[in-house]
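Being a predicted model, the structure only gives us computed values, none of them experimental. One is the number of the first residue; the rest follow in order along the sequence. The analysis underlying the following values was restricted to heavy atoms, covering all of them including side chains, and did not include hydrogens, waters or symmetry mates.
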Amino acid sequence: MGTQIAANAPVLRASGIRRSFRQGTTTVDVLRGVDLTVNAGEITTLSGPSGSGKSALFSVLCGFDRADEGEVSVLGDPLSPTIAWHVVAVLPQAMGLATELTLAENVALPLRLAPAEHTVPVGDIDERVLELLAVLKVDQLADRYPSEVSFGQQQRVALARALAVRPRVLLADEPTAHLDHEMVAAVLGLLRQAADDGAGVLLSTHDDEVRRMADRRLRISDGRVVAD
């Protein structure tokens, strides 16, 4: 699975992130010099009201968008939009499941694409996939396509896909937004296990239950990130 990272060592850093957007003739400064660190073995939450810049920051940290100023680094190297999934895995709100693949095939995809030293043996991929789907109670839907299941079920599958290769960094945007209480507990258990296995986990969330289980809590206020 690659070189181990020491517990509490930084795995993702954002320094001086600035991002603005045009609204008609007006320029809106959404991120105003954000500094943020995600550490190995920790769960960090990022909260903030709608319009605070939380989604904009998440997009920059994932590599989906580029900052106007500042830098994001992962394991000491600049973040690339094509960074490997076993290094940074993402659970976006839009899920991003491949519509032409079954749910099981979606979860297996990063395992099949990852270098051999960062994945499980080929013969064990199906077992890993079904193990994750079972914990999230969607294993009975493994052969269905994303369009054939609910949004909440898609979210669980997208989380299984993100966790499949045991990434160094996991970025999850509102991971419990479409789940009932029972499934929230299952998701939080998997997220805690990912951190215990050494991942740096950053969760964008409004959910107080998620915030309570975090090791560090941050919030975004006036375009900057502060302790919560």
Side-chain angles (χ1 to χ4, degrees), residues 2-3 5-96 110 158-159 161-162 165 167-175 177 191 194-195 198-207 210-211 214-228:
T3 304
I5 305 297
N8 303 119
V11 290
L12 181 147
R13 289 185 186 273
S15 303
I17 300 299
R18 294 182 177 274
R19 188 71 173 98
S20 60
F21 298 93
R22 296 285 294 178
Q23 290 186 353
T25 60
T26 303
T27 298
V28 179
D29 296 320
V30 177
L31 304 176
R32 307 182 184 189
V34 167
D35 297 316
L36 179 149
T37 301
V38 177
N39 296 322
E42 288 187 352
I43 295 176
T44 301
T45 55
L46 177 65
S47 303
S50 297
S52 63
K54 194 163 75 282
S55 294
L57 177 57
F58 190 84
S59 292
V60 170
L61 297 177
C62 294
F64 296 166
D65 189 22
R66 297 186 67 175
D68 299 323
E69 296 180 25
E71 181 180 74
V72 179
S73 62
V74 177
L75 304 178
D77 296 321
L79 174 67
S80 165
T82 58
I83 195 165
W85 195 259
H86 67 272
V87 180
V88 178
V90 180
L91 171 61
Q93 285 197 50
M95 310 308 167
L159 176 61
R161 179 188 59 183
V165 288
R168 299 294 182 83
V169 180
L170 173 64
L171 305 176
D173 196 359
E174 299 289 353
L191 294 172
V201 180
L202 178 66
L203 310 176
S204 171
T205 185
H206 288 98
D207 190 331
V210 178
R211 293 173 63 254
D215 301 299
R216 289 193 302 139
R217 288 174 289 277
L218 305 174
R219 60 183 172 87
I220 189 163
S221 176
D222 195 28
R224 294 180 177 84
V225 168
V226 297
D228 193 1

Could you report the tightest heavy-atom contact between [X] and [Y], atom names first, then the distance?
X: Ser204; Y: Pro175; result: O-CD, 3.7 Å
X: Ala195; Y: Ile43; result: CB-CG1, 3.7 Å
X: Ala162; Y: Ala89; result: O-CB, 3.2 Å
X: Val30; Y: Ala56; result: CG1-CB, 3.9 Å
X: Leu218; Y: Ala227; result: CD2-CA, 4.2 Å
X: Leu171; Y: Leu61; result: CD1-O, 3.6 Å

To the nearest 0.5 Å, what is the distance between [atom1] on [X] and [atom2] on [Y]?
X: Thr27; Y: Asp68; atom1: OG1; atom2: CG; value: 9.5 Å
X: His206; Y: Leu46; atom1: NE2; atom2: CG; value: 9.5 Å
X: Arg18; Y: Leu31; atom1: CZ; atom2: CG; value: 10.0 Å
X: Glu174; Y: Leu91; atom1: CD; atom2: CG; value: 10.0 Å
X: Arg217; Y: Thr205; atom1: CZ; atom2: OG1; value: 12.0 Å
X: Leu191; Y: Leu170; atom1: CG; atom2: CG; value: 6.5 Å

Is there a side-chain contact between [X] and [Y], using heavy atoms and a 4.5 Å cut-off?
X: Leu36; Y: Val72; answer: no
X: Arg161; Y: Pro110; answer: yes
X: Leu12; Y: Leu202; answer: no

Side-chain donor or acceptor of [X] paired with backbone N/O of [Y] under 3.5 Å:
X: Arg224; Y: Arg32; result: yes
X: Arg219; Y: Asp228; result: no
X: Thr37; Y: Arg13; result: no
X: Asp29; Y: Gly223; result: no
X: Arg66; Y: Pro81; result: no

- Task: Using only heavy-atom distances, determine whether the side chains of Asp173 and Ser55 contain a donor-acceptor pair under 3.5 Å.
- Result: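 The answer is no; no qualifying pair exists.
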- Task: Would you please test Val60 and Val34 for side chain to side chain contact (heavy atoms under 4.5 Å, CB included) and show each step?
- Result: CA-CA 11 Å; Val60 170; Val34 167; over 6 Å; no
